[in-house]
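In listed order, ligands and their atoms are each counted from 1.
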Amino acid sequence: MAANGEVVLTLEKMNRIGAIDRQALTISVEAGAITEAVHEATKDAGLTWPVDFASKGSSQIGGNLATNAGGVRVIRYGLTRNWVLGLTVVMMDGEILRLNGALEKNNTGIDLRQLFIGSEGTLGVIAEAILKLCPLPESERIQVCFFALRNFAAVLRLFSEARRAPFTLAAFECLSDGCLREVVRHGVRSPVEPGTGEAYVVMEVETEDASAFEAWLGGIFDWGKETGTPPLVLDGTLALSPRERSEIWSIRERVAESVMMSSEVHQQDLAVPIASLEAFFSDVESRYAAAYPEFEVFVFGHIGDGNLHIFIRKPTAMASADFHTRCAESDQMLFELCRKFAGSVSAEHGVGLLKKPALPFSRSPAELVYLRALKSTFDPKGLLNPGKMV
Ligand SMILES: Cc1cc2nc3c(=O)[nH]c(=O)nc-3n(C[C@H](O)[C@H](O)[C@H](O)COP(=O)(O)OP(=O)(O)OC[C@H]3O[C@@H](n4cnc5c(N)ncnc54)[C@H](O)[C@@H]3O)c2cc1C
C-alpha cells in the first residue's frame, strides 16, 4: 500500500518465463510472472513449482518471494524459500546483486538470498529468480477427502492419526461450521450439510496404495465403535474423480471471499506451535465468547502448519468506527495469546504497516535492533517501502 504518496513500481511487464532445465529441475523467471503461469509452463513437463494458494491467478513470483508465501501444501513442501535457488536483486542505489545463481550447494558464508525472501520489498527489488521444481504428483496417486468433525479437538486428533498413517500428507486444512455455512450460502456444493459438525477438514494425500488408504479411512470412520467412545468423524466423503476433488477444494478456497461478501470483516492470521494449537484455540474461543459475544467469529486455516485465520464480521447494528475500536482491542488479546504460546502475530500475510506495531509480541527487542540494522545497511536512506515492517 502506498499510504503516503510513495512512487509505486510495477513489474507486471517483466513476466518472462524461461525454458525448464530438466536435468537440474529449475526454471528461470522474471519477477512479474504470475504464479499460475509458472504452474502452467511447467505442468506439461510433469513438473511444478509447489507454491499454491487461492490468489495464484493474480500474484506474482516477486510478491511470493518477497512475502515468503505459504499456501495449502506447506505441510508437504515447506515455504517458498525452500523453492528458490538464485535471485537477481536491484538495490536502491542501482547496484545489481546476483545471488547464488543456479547452485544447489554454496557454503561460502551467510546466504544473502534468504534475507531478501520474506523481506517485503524493504531491502531491494527482486527482478528475477531461478526456481526449483519438483515432480507434479500423478493424478491417480492423489486422494482428497472432506470430513465433518465434532469439534476442534477431534480435528487435531484426526491430524495426529493422519501424520502416523502410511501415506504422504499433502494438505490438512480446516474450517469452522460458520465458514461452511457461508460458502454454501454463496453457491458452493458441500458433500455434508452445514450443522453436521463444529469443524470440517479438507485432507489431500499422495499414496501409491489406494486400498491401504481406503482401509485407513474405514478405520477412521469406525473409530470408537469397539470401545463405545464417541466417533472421531461424524460424516465425510472421498473424492472419486478430479471434478469431485476440485469441488472439495473449492469449499476451502472460497471461505475468505464468502465470509467477506456480506459485511465488513476484520482479519487475523496467526501461528502457534502445533503442540499448542488446541489450548490456543480453546483460549481464543472462550475469550471471544466472554469479552466479545456480539462478534461473529470465523476460524479456518492451515492446521497442519499451526496457522489459523480468524475473521470477525461486523455485527449489522454496530457502527463501523466502534467495530474497528473493538477489533483493535481484541487483537491485543490475540497477540497476548500468541506471546503466551510462543506463536507468531503473522503466519503468512507479512508485516507491512498493519502488523508493525504487533511485532514485539513475536520478536524480541534484540531481534528488532538487528532487523533495523539490516534495513539501514541495505537501504540507508529508507526509500524502499518506507515505514513498513521495521
Ligand atoms: C485469496 C487469497 C488467498 C491467499 N492465500 C494465501 C495462503 O494460503 N498463503 C500465503 O502465504 N499467502 C496467501 N495469500 C497472500 C499471498 O501470499 C500474497 O497475495 C502473494 O504471495 C503476494 O504476491 P503479490 O504479487 O500479490 O504481491 P503484492 O501484494 O503486490 O506485494 C506483497 C509484498 O511484496 C513486495 N513485493 C512485490 N513484488 C516484489 C519484488 N519484485 N521485489 C521486492 N518486493 C516485492 C511488495 O512491496 C509488498 O510488500 C493469499 C492472498 C489472497 C488474496
Side-chain angles (χ1 to χ4, degrees), residues 1-3 6-15 29-38 49-75 77-84 87-92 96-97 99 113 115-129 171-175 202 249-250 252-261 265 267 269-271 300-309 311 344 346-356 375 378-379 383-390:
M1 182 199 290
E6 296 95 337
V7 174
V8 176
L9 177 68
T10 171
L11 301 192
E12 80 183 300
K13 290 189 178 165
M14 286 180 59
N15 59 3
V29 299
E30 288 182 342
I34 299 292
T35 315
E36 197 169 41
V38 175
W49 189 56
V51 175
D52 189 6
F53 39 69
S55 65
K56 65 186 168 204
S58 59
S59 74
Q60 298 177 358
I61 295 298
N64 302 158
L65 268 51
T67 55
N68 186 27
V72 290
R73 292 192 181 79
V74 171
I75 191 170
Y77 296 104
L79 293 162
T80 292
R81 69 168 73 254
N82 297 346
W83 296 94
V84 184
L87 279 190
T88 302
V89 183
V90 182
M91 304 303 289
M92 198 56 221
I96 296 174
L97 299 182
L99 305 170
R113 158 191 58 157
L115 288 183
F116 289 94
I117 301 174
S119 67
E120 297 180 28
T122 58
L123 304 182
V125 177
I126 297 168
E128 207 167 348
F172 195 91
E173 301 278 310
C174 164
L175 52 142
V202 173
W249 266 115
S250 71
R252 169 62 186 87
E253 285 170 350
R254 295 280 300 277
V255 169
E257 66 176 86
S258 302
V259 172
M260 289 192 290
M261 229 170 252
V265 163
Q267 307 181 15
D269 160 47
L270 310 169
F300 60 102
H302 316 289
I303 291 301
D305 314 324
N307 176 192
L308 290 182
H309 298 305
F311 279 23
S344 170
S346 180
E348 57 178 18
H349 289 172
V351 178
L353 288 172
L354 286 179
K355 285 283 171 79
K356 190 176 157 186
K375 168 72 179 168
F378 283 84
D379 176 23
L383 298 173
L384 284 163
N385 268 346
K388 312 264 167 66
M389 194 188 315
V390 287

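Among all non-hydrogen protein atoms, the one lying nearest atom 21 (O) of ligand 1 is Asn64 ND2, 3.0 Å. Protein heavy atom nearest atom 25 (O) of ligand 1, with residue, atom name and distance: Gln60 N, 2.7 Å. Of all protein heavy atoms, the one closest to atom 35 (C) of ligand 1 is Ala66 CB, 3.6 Å. Scanning the protein for heavy atoms near atom 15 (C) of ligand 1, the closest one is His349 CD2, 4.1 Å. For atom 5 (N) of ligand 1, the nearest protein heavy atom (residue, atom name, distance) is Phe53 CB, 3.7 Å. Here the protein heavy atom with the shortest distance to atom 32 (C) of ligand 1 is Thr67 CG2, 3.7 Å. Closest to atom 49 (O) of ligand 1, if we only count protein heavy atoms, is Glu120 O, 3.2 Å. Closest protein heavy atom to atom 7 (C) of ligand 1: Glu348 OE2, 3.1 Å.
By the criterion of a heavy-atom distance under 4.0 Å, both the backbone and the side chain of Ile126 are placed next to ligand 1. When heavy-atom distances to ligand 1 are checked against a 4.0 Å cut-off, His302 comes that close only through its side chain, counted from C-beta outward. Contacts between Thr35 and ligand 1 below 4.0 angstrom, taking non-hydrogen atoms only, are absent altogether. If you look at Asn385 next to ligand 1, the close heavy atoms, those under 4.0 Å, all belong to the side chain.
Trp83 approaches Tyr77 most closely through the heavy-atom pair NE1-O, 2.9 Å.
In this structure, the side chain of Glu253 does not engage the main chain of Ala54 through any donor-acceptor pair within 3.5 Å. A distance-only check finds no donor-acceptor pair linking the side chain of Asn307 to the backbone of Ala347 [under 3.5 Å]. In this structure a side-chain-to-backbone donor-acceptor pair under 3.5 Å is present from Thr80 to Ala69. Asp269 contributes a side-chain N or O that, together with a main-chain N or O of Glu348, makes up a donor-acceptor pair within less than 3.5 Å. Remark: side-chain polar atoms of Glu120 are not paired, donor with acceptor, to backbone N or O of Met389 under 3.5 angstrom. Arg252 contributes no side-chain N or O that, together with a main-chain N or O of Val72, makes up a donor-acceptor pair within less than 3.5 Å. Side-chain N or O atoms of Asn15 include none that pairs as donor or acceptor with a backbone N or O of Ala31 at under 3.5 Å.
Numbered from 1 in the order shown, with element, the atoms of ligand 1 that lie under 4.0 Å from a heavy atom of Ala31 read 41 (N). Residue-ligand proximity, Gly121 to ligand 1, at heavy-atom distances under 4.0 Å covers atoms 43 (C), 44 (N). Applying the 4.0 Å criterion to heavy atoms of Ala69 picks out, from ligand 1, the atoms 11 (O), 17 (O), 21 (O). Near Leu11, with a cut-off below 4.0 Å to any heavy atom, the atoms of ligand 1 are 41 (N).
Ring-plane geometry between His349 and His309 is classed as parallel, the angle between the planes falling under 30 degrees on a 0 to 90 degree scale with a further cut at 60.
Distance remark: protein heavy atom present below 4.0 angstrom from atom 17 (O) of ligand 1. When distances from atom 11 (O) of ligand 1 to the protein are checked, a heavy atom turns up under 4.0 Å.
For Glu257, the CD atom counts as densely surrounded, since its 6.0 Å shell holds more than 12 non-hydrogen atoms of other residues, nucleotides or ligands. Other residues, nucleotides and ligands contribute at most 12 non-hydrogen atoms within 6.0 Å of the CG atom of Leu354.
For ligand 1, none of its N or O atoms has an N or O atom of Ser59 under 3.5 Å away. In terms of polar-atom proximity, defined here as any N/O pair under 3.5 Å, Ser58 makes no such contact with ligand 1.
The closest approach between any non-hydrogen atom of Gly124 and ligand 1 is below 4.0 Å. The closest approach between Val72 and ligand 1 stays at or above 4.0 Å for every heavy atom of the residue.
For the residues Ser55, Gly118, Ala2, the heavy atom positioned nearest atom 50 (C) of ligand 1 is part of Ser55. When the heavy atoms of Gly71, Ala54, Gly63 are ranked by distance to atom 23 (O) of ligand 1, first place goes to Gly63.
Under the side-chain hydrogen bond (donor to acceptor under 3.5 Å, both in side chains) criterion, Thr35 pairs with Ser59, Asn64, sequence neighbours left out. A search for salt bridge (charged side-chain N to carboxylate O under 4.0 Å, His left out) contacts involving Lys388 returns nothing, not counting sequence neighbours.
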Subject >> Verdict with reasoning, Ile75 to Asp305, per side chain to side chain contact (heavy atoms under 4.5 Å, CB included) >> reply: CA-CA 6 Å; Ile75 191 170; Asp305 314 324; 3.7 Å; yes
